[in-house]
Amino acid sequence: MTAAQAVNKGDVSWMLTSTLLVLLMSVPGLALFYGGLVRSKNMLSVLTQVFAIVCVVGLIWVTYGYSLAFTNGGALNAFVGGFDKAFLKIAPEGKTIIDAVAATFSNNVYIPELVFVAFQMTFAMITPALIVGAFAERMKFSALLLFTVLWVTFVYFPIAHMVWYWGGPDTLALEAYKAALAAGGDASKAAAAAADAVSAYNAKDAGLLYQWGALDFAGGTVVHINAGIAGLVGALMLGRRIGFGRDLLAPHSLTMTMIGASLLWVGWFGFNAGSNLEANGLTALAMMNTFVATCAAAVAWLFAEWAVKGKPSLLGMVSGAVAGLVAVTPASGFAGPMGAIVLGLIAGVVCFFFVTTVKNALGYDDSLDVFGVHCVGGILGALGTGILVSSGLGGTDIVDYSTCKAAIDNGVATFSGCSSSYPGMGAQFFTQLKAVLLTLVWSGVGSAILYKIVDLVVGLRVTADREREGLDLAEHGERAYNM
Amino acid sequence: MTAAQAVNKGDVSWMLTSTLLVLLMSVPGLALFYGGLVRSKNMLSVLTQVFAIVCVVGLIWVTYGYSLAFTNGGALNAFVGGFDKAFLKIAPEGKTIIDAVAATFSNNVYIPELVFVAFQMTFAMITPALIVGAFAERMKFSALLLFTVLWVTFVYFPIAHMVWYWGGPDTLALEAYKAALAAGGDASKAAAAAADAVSAYNAKDAGLLYQWGALDFAGGTVVHINAGIAGLVGALMLGRRIGFGRDLLAPHSLTMTMIGASLLWVGWFGFNAGSNLEANGLTALAMMNTFVATCAAAVAWLFAEWAVKGKPSLLGMVSGAVAGLVAVTPASGFAGPMGAIVLGLIAGVVCFFFVTTVKNALGYDDSLDVFGVHCVGGILGALGTGILVSSGLGGTDIVDYSTCKAAIDNGVATFSGCSSSYPGMGAQFFTQLKAVLLTLVWSGVGSAILYKIVDLVVGLRVTADREREGLDLAEHGERAYNM
Amino acid sequence: MTAAQAVNKGDVSWMLTSTLLVLLMSVPGLALFYGGLVRSKNMLSVLTQVFAIVCVVGLIWVTYGYSLAFTNGGALNAFVGGFDKAFLKIAPEGKTIIDAVAATFSNNVYIPELVFVAFQMTFAMITPALIVGAFAERMKFSALLLFTVLWVTFVYFPIAHMVWYWGGPDTLALEAYKAALAAGGDASKAAAAAADAVSAYNAKDAGLLYQWGALDFAGGTVVHINAGIAGLVGALMLGRRIGFGRDLLAPHSLTMTMIGASLLWVGWFGFNAGSNLEANGLTALAMMNTFVATCAAAVAWLFAEWAVKGKPSLLGMVSGAVAGLVAVTPASGFAGPMGAIVLGLIAGVVCFFFVTTVKNALGYDDSLDVFGVHCVGGILGALGTGILVSSGLGGTDIVDYSTCKAAIDNGVATFSGCSSSYPGMGAQFFTQLKAVLLTLVWSGVGSAILYKIVDLVVGLRVTADREREGLDLAEHGERAYNM
Amino acid sequence: MKIVMAIIKPFKLDEVRDALTSLGVHGLTVTEVKGYGRQKGHTEIYRGAEYAVSFLPKLKIEVAVAADQVGKVIDSISVAARTGQIGDGKIFVVPLDHAVRIRTGEKDGEAL
Amino acid sequence: MKIVMAIIKPFKLDEVRDALTSLGVHGLTVTEVKGYGRQKGHTEIYRGAEYAVSFLPKLKIEVAVAADQVGKVIDSISVAARTGQIGDGKIFVVPLDHAVRIRTGEKDGEAL
Amino acid sequence: MKIVMAIIKPFKLDEVRDALTSLGVHGLTVTEVKGYGRQKGHTEIYRGAEYAVSFLPKLKIEVAVAADQVGKVIDSISVAARTGQIGDGKIFVVPLDHAVRIRTGEKDGEAL
Ligand SMILES: Nc1ncnc2c1ncn2[C@@H]1O[C@H](COP(=O)(O)OP(=O)(O)O)[C@@H](O)[C@H]1O
Ligand SMILES: Nc1ncnc2c1ncn2[C@@H]1O[C@H](COP(=O)(O)OP(=O)(O)O)[C@@H](O)[C@H]1O
Ligand SMILES: Nc1ncnc2c1ncn2[C@@H]1O[C@H](COP(=O)(O)OP(=O)(O)O)[C@@H](O)[C@H]1O
């Protein structure tokens, strides 16, 4: 670590906190949110699936996952990384693992790389866990584990790489400086050279979607659209639950669902505001957006349901809250608070309409609405981000790192010296759309293939008798409650 | 942001964390604490009410609430703020929203204003949510929402303004410097002028109770007395629950109540220690006080109940813990740890006595003891703060900002150069008492009027049949548990 | 506070957060983890016991516990501290309590002493709370309280002192500097004198196990082995539950157990990574180890159970997770991530084997496997730490403070100028073994004596009728659930 | 001897118990049941999935009484449990051949 | 009059209710019970402690009907509740002396 | 045939089941009930609100047996369920007209 690379302990503190908050989202947050919605005979199966996914992915992440997502993949670099940092070989030469640093979005601002590894690990843990809601109450546990291992390897790591992999402004600055140095004393020449170097560098060392200029602050595509479409494909391939549309498949404990939703919200501040990798004003903006979009979406669903169905339900409101959280995820560091509210209102109403009407019309059994909330909400957010980022709508605009003279020189945290590279609403919207489509196709097709493989190897679904008995007893030999 | 206004990322990190901790207090903390205490047929109604209040107030806060509480209200400034910062128009000239900063209690120490807005938002969210315990199991959901909107507007924002609105030491220093500059080189003259300027400034730009010198570190009056009296008025105006005093209205799940109480405690560190707006030794003191007062009050109630009723109950102990948290709230940054213990012991015993004896004697039905715990505990805390702040009793004394030469000059975090403006126990106690009375009257009368209005518009109470069926089914169309 | 002793607000922020995370581990974390495993008629008794222990120990800690653990005990200093800081008399001369600072493991890095007091308080709170799992469902509440007071006084504070009490590198530097000063200008002489002074100082101002060189980053011996053996002794002295081995003593809510396990994991980052007392790269390493060891142990138990018992259970997996957390505790700042994974795998399998086979063979009734998880896991961790600390195995090696020239001079956070004092695997393993044995004997014998005393004074166990009725009604007069 | 079995609305339990006690009937057994009848249930909606719930919570009370008491018992339960609205429930009387108090071994009339 | 009491598998409730409704029986009472019989239970293992659980969840349905309807009721329950696997349950018929509708005081046949 | 219905203390279930099994009775149905009788309940206090809880948790066991077995069944339940303390419960015997095994359609004696 050079003197210039000294980390700020305030950043470290916030990122450590953010990391554990995202774990809190998965266990117990998501597990309870989902678990409360199934029948009591399947409660443990949901809890077990989420907890097991977290643990298995954790081990995969430090062995090869982090490396596949966040290193240069050579010839395949547009799509996936390589194995340079497998087994966490991140120690700088002659130093130890605790001295390794990772760049943030601000020039000359670093955090210990282990913090970045841990933070990103929690994202890799929660994404496959989101999927289980789609085929809850009927999947084999062995099939789930096998699917998870394959899915993170062939779907999650590549998409994370495509969206987020980039050397960071630091690399950029370095390259620019080198170029300026090489160019000699002439300032204008140096600047031009720097800009060129940057473009060249960007072109060669970033994931595909990053190169396109797709914006995804905290994982709208990588996490939510990705998991949502994988869930839909799974629900279709496993088929409907026995009794679907006939029996009372009511949630066994909305209390648990409410606890889960609340912990998701609390933890999501780590997810969204942590994605800034620093503790500054932009982090605060991401937090504020995560607050108000959620409020707006919860209220929107509540009133929509009240108007249409006659009663405002808790499940509706918390579903709205989650839809708002999903939608604001890609926008959290780009939109302004009023933009975030608008996004939340739209997400609440659209997702309500989708899961209560469209889904019923289509007749598939996505048990816990992974598609209707995460994929639909994620798409709304991804597209909305392209619009709301506009400073005209209160957004932050997009930093054009190649013009960040002040930022490059002074390494200040805010990029007041940078001009905007916002290509305008239409163009950015189109870029976002492309990113959404690529994710839908990659994850949709990839997941379908993987489900098929798993079905051939161990079989996807439990027998009807075991499904009726409940997965808790059939698959895990336990009962959730002995009151 | 000037160089001098650079924020410390350690402060930012702590304040972001504190903010989400206060959300954790509301959802799921408070919701579970209350929800566990009602019958299972009303569980969801409580959860829904708390969650909905949080969301609705969040939207109000960023539209006009923050502005009403924390801007200069012109002619009405003693009582309420204005609309200058409505819709979060806080961006400094020529800058963006993420560059806005807010002053702390230390000179030249700033945090991003968005952090302050978010932190204070969580206080505005939880305060009306506290009230619902008083009329749980019988209020209409529509009435609750309407009441909430009115109550935060006409009761909460004004009282928050009266107690907390002040330009901060920074404004003060600015004014003092200006004065000194104007006064020329003569040091003694400058100092005198500075002091005058400060007094003048304070007199004109602070809320009424702040001007009085009332102490409330983290919201004893603003949050607890305020909500407590509003709850009592509500309980009286709605009348008793059907079956009160006759049927078994036992808590449906003390497990949930215990989870809620624990999360309240954990989150309360954000509430109290976060109220210092920085991460320093004083923050640590507020945390320590929040620890030990709670321990003391829990133990006090436990043993009091054991002695009087024959058995030490969990509900008693956690009620004591909450009473201790309430009582220490205004004192958390002013008392020493031993003072906090004494305050906790008193709060535990007095609140125990109140809810088990006085309340029964009076015969009103404050379902979950909002008055007996929050208002009674809050009053004890507010009055106790006036005494325990004395350095003779281990307290921190009161910073007299007008004498803070060192602090003003160096902007250090601790005010070692300041003398105390503590007017003595009697005088300060009297000031505290005035503040308590004003809050009781404003909130008591204001709430009564608002309940009346709501009753005329939509009706406060559900019908007897719906009350018997339970609010979950009657108002929300759901059941909490399908085991 | 001298200029050199200025605290970094990033450290403060992280340590405040860590402190409340450890409280979260106890309440509601541990309480739920344990509570879910008992029958519903004993649920409240477990919750009450854990909550009451937390509160009582909190009061003891600030009155005399902190002082006994973390001051120089004079003649008894090898075993226990003194009363110098009783009632938190920690204010530096002429200053207030908020100005007191505590040294960290980095030279010239300080945190407010109140933060250190609060952080360590949470350790003292959770340790006796861990014990209650061993004799759950049959102990008198009065006996439990009395035992707790005695146990922390005569077992916990001494062991904490023996393992952790040391003046810190700061004291060391001070002494070294004084010595160098006294020795005059001659550099080599000064260095020699400094080294001597350090050794001399270490010899006289540290607890016994610290002097031996035993490694325990976050409390493997102090917390887990200590509580585990005390639990076993308690289980033996109270005897088996009525119906043990015959009736269905099944967990009443594995949902609660899963919530508890998850919160333990989340909170454990405060426990382990907080134990670094700073927010830097080493903290990140401790967090990463706490992640992966847990994942590994959970997966190990899951698959072991699947292989041996035919079904992978949730209870098995979360028990494995806790075993992993326990095992990695002493190693968290010493091992590398791959070492932590190995440790976790071993802990998962060994603890599984122990509680499913060895325990059944021995036939004692440690209701919730305090011994099998905490003591066995703690021993594995303590011994493993001696091996995995080796840099050859990816560990951090041991800082030899006496050679830390650079560290002493520059006060940098990482000790790159220090050489290692690692005596080799065999020697360190032997030291660790000695530490484990001393803890087992001290806590085992000490606890036995204290149980006996409590039995004579108030009686340890409830009557058979009360045990059958359930402790909730019999001891606390409440029922957990009224559905 | 007869067993009088009554299906009543849950919130009427205390009144029924008091009524029986004042008749001198000091023992009874209560079971939580779900009833289906003319009283319409309600609809629950969970995220768009609507369920018509036609089973309503009721309590079943069983009292063993001497044959000559049956009339009075029926009457007093009827009065105490009546709200006059659909769903008040039913009273059924079934014959009881023997009764034994486990603790003492007392039989029939003695055992009630 | 008779009370027909059937012990059935829980997931068969809706089919049985529908069968009875189509016979014109519009009232019944359901209780959650645990049954012990030839159908084997399962083993639950909690951290190495194994429990053989021999009681299985069943539903008990009670229907009061006129004596001449008993045959049809038995038949239709039998058909609706049958899966053909062990544990399908039993139907018991006990005599019913009186029936009263609490709301109206109607008696016997009127009350059903 | 008769139905023997016993109200017992919950923790006595296993002993009663074993006793019946050793008599050759291999089927029974258990319901969780609340009993009111001479055994006094307890007081629960929740934040100063005191509730006298007079209903105690009991189990109701129902066994259909041939008429000639009734005596033995009563005896063995009595012995197994007795603690000698108030609240041990009651045994009631009611007539059973018909029995049917749903799975096979077997009738009466065959069906038990
Ligand atoms: N034929 C029957 N057999 C058994 N229980 C019945 C029968 N008819 C009604 N019940 C019970 O009585 C309850 C009330 O009946 P319902 O028809 O709703 O109203 P009412 O009591 O006013 O006639 C039902 O919920 C059910 O539990
Ligand atoms: N003699 C009996 N008395 C009361 N209930 C019985 C009796 N025998 C069986 N049952 C009930 O019937 C259920 C089914 O019986 P079981 O022997 O398992 O299978 P099957 O119905 O195929 O004969 C049991 O779970 C129990 O509830
Ligand atoms: N007349 C009765 N009818 C129905 N159940 C009864 C009757 N009397 C007692 N019981 C049941 O028997 C249980 C035990 O009765 P109780 O009077 O407490 O003690 P004991 O069994 O010693 O006489 C009660 O809890 C109740 O469930």
Side-chain angles (χ1 to χ4, degrees), chain B residues 8-14 17 21 39-40 248 250-255 258-259 261-263 265-267 269-270 273 278-285 287-288 291-292 294-296 298-299 302 309-315 317-318 320-321 336-338 341 391 394 396 413-414 416 481 483, chain C residues 1 7-17 19-21 23-24 26-29 31-32 35 43-45 47-48 51-52 54-59 62 87-88 95-101 111-115 117-118 121 141 253 256 259 279 472 475-483:
Chain B
N8 184 308
K9 284 175 159 184
D11 291 336
V12 178
S13 171
W14 172 241
T17 304
L21 283 171
R39 287 164 291 172
S40 55
L248 184 73
H252 89 282
S253 173
L254 287 178
T255 300
M258 188 273 179
I259 299 178
S262 301
L263 294 182
W265 194 358
V266 169
F269 295 115
E278 287 178 74
N280 59 19
L282 184 57
T283 319
L285 177 64
M287 175 173 266
M288 180 53 87
F291 257 113
V292 292
T294 310
C295 292
V299 167
L302 186 83
K309 303 273 173 185
K311 289 190 176 164
S313 76
L314 174 70
L315 177 56
M317 181 167 47
V318 299
M338 296 303 135
I341 289 179
S391 55
T396 60
T414 56
S416 35
Y481 307 100
M483 286 301 195
Chain C
M1 183 164 51
V7 301
N8 184 307
K9 284 176 159 182
D11 291 336
V12 178
S13 172
W14 172 242
M15 291 310 299
L16 293 170
T17 304
T19 301
L20 61 91
L21 284 170
L23 180 66
L24 181 76
S26 300
V27 290
L32 292 179
M43 176 60 168
L44 294 185
S45 76
L47 301 182
T48 311
F51 204 100
V54 163
C55 293
V56 167
V57 174
L59 297 176
V62 294
F87 297 100
L88 288 194
K95 303 221 169 144
T96 73
I97 195 171
I98 68 175
D99 298 312
V101 294
I111 54 174
E113 186 163 357
L114 277 174
V115 175
V117 176
M121 175 165 71
F141 185 61
S253 173
M256 290 300 144
I259 299 178
D472 291 4
E475 292 279 295
H476 306 289
E478 303 164 305
R479 296 162 51 76
Y481 307 101
N482 292 289
M483 286 303 195

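Chain naming here is simple, since letters A, B, ... match the order of the sequence lines and numbering starts at 1 in each. These figures come from a predicted structure and were not determined experimentally.
Annotation for Leu114(C) and Ala284(B): closest pair CB-CB, 3.7 Å, computed over non-hydrogen atoms. Between Val27(C) and Val266(B), the shortest heavy-atom distance links the atoms O-CG2, 4.1 Å. Closest non-hydrogen pair, Cys55(C) versus Cys295(B), comes out as O-CB, 3.3 Å. Leu314(B) and Leu44(C) get closest at one heavy-atom pair: CD2-CD2, 3.6 Å.
With Met287(B) as reference, Leu20(C) is the one residue of Val115(C), Val117(C), Leu20(C) to meet the side chain to side chain contact (heavy atoms under 4.5 Å, CB included) rule.
Contacts of Ile341(B) with chain C are made by side-chain atoms alone, with heavy-atom separations under 4.5 Å and no backbone atom involved. When heavy atoms are compared at a cutoff of 4.5 Å, Pro312(B) approaches chain C by way of both its backbone and its side chain. Neither the backbone nor the side chain of Ala279(C) comes within contact range of chain B; no heavy atom of the residue lies under 4.5 Å from a heavy atom of that chain. Interface remark: Leu32(C) contributes side-chain atoms only to the contact with chain B (heavy atom separation under 4.5 Å). Glu475(C) touches chain B through its backbone: at least one of N, CA, C or O sits under 4.5 Å from a heavy atom, while the side chain does not. Within the 4.5 angstrom heavy-atom criterion, only side-chain atoms of Leu21(B), from C-beta onward, approach chain C. Of the two parts of Thr96(C), neither the backbone nor the side chain holds a non-hydrogen atom closer than 4.5 Å to a non-hydrogen atom of chain B.
Here CE of Met258(B) is found 8.0 Å from CE of Met43(C). Values are rounded to the nearest 0.5 Å. In this structure, the separation between CG on Asn8(C) and CG on Asn280(B) is 12.5 Å, given to the nearest 0.5 Å.
With chain C as partner, the option from Leu254(B), Leu302(B), Thr17(B) having the largest number of non-hydrogen pairs under 4.5 angstrom is Leu254(B).
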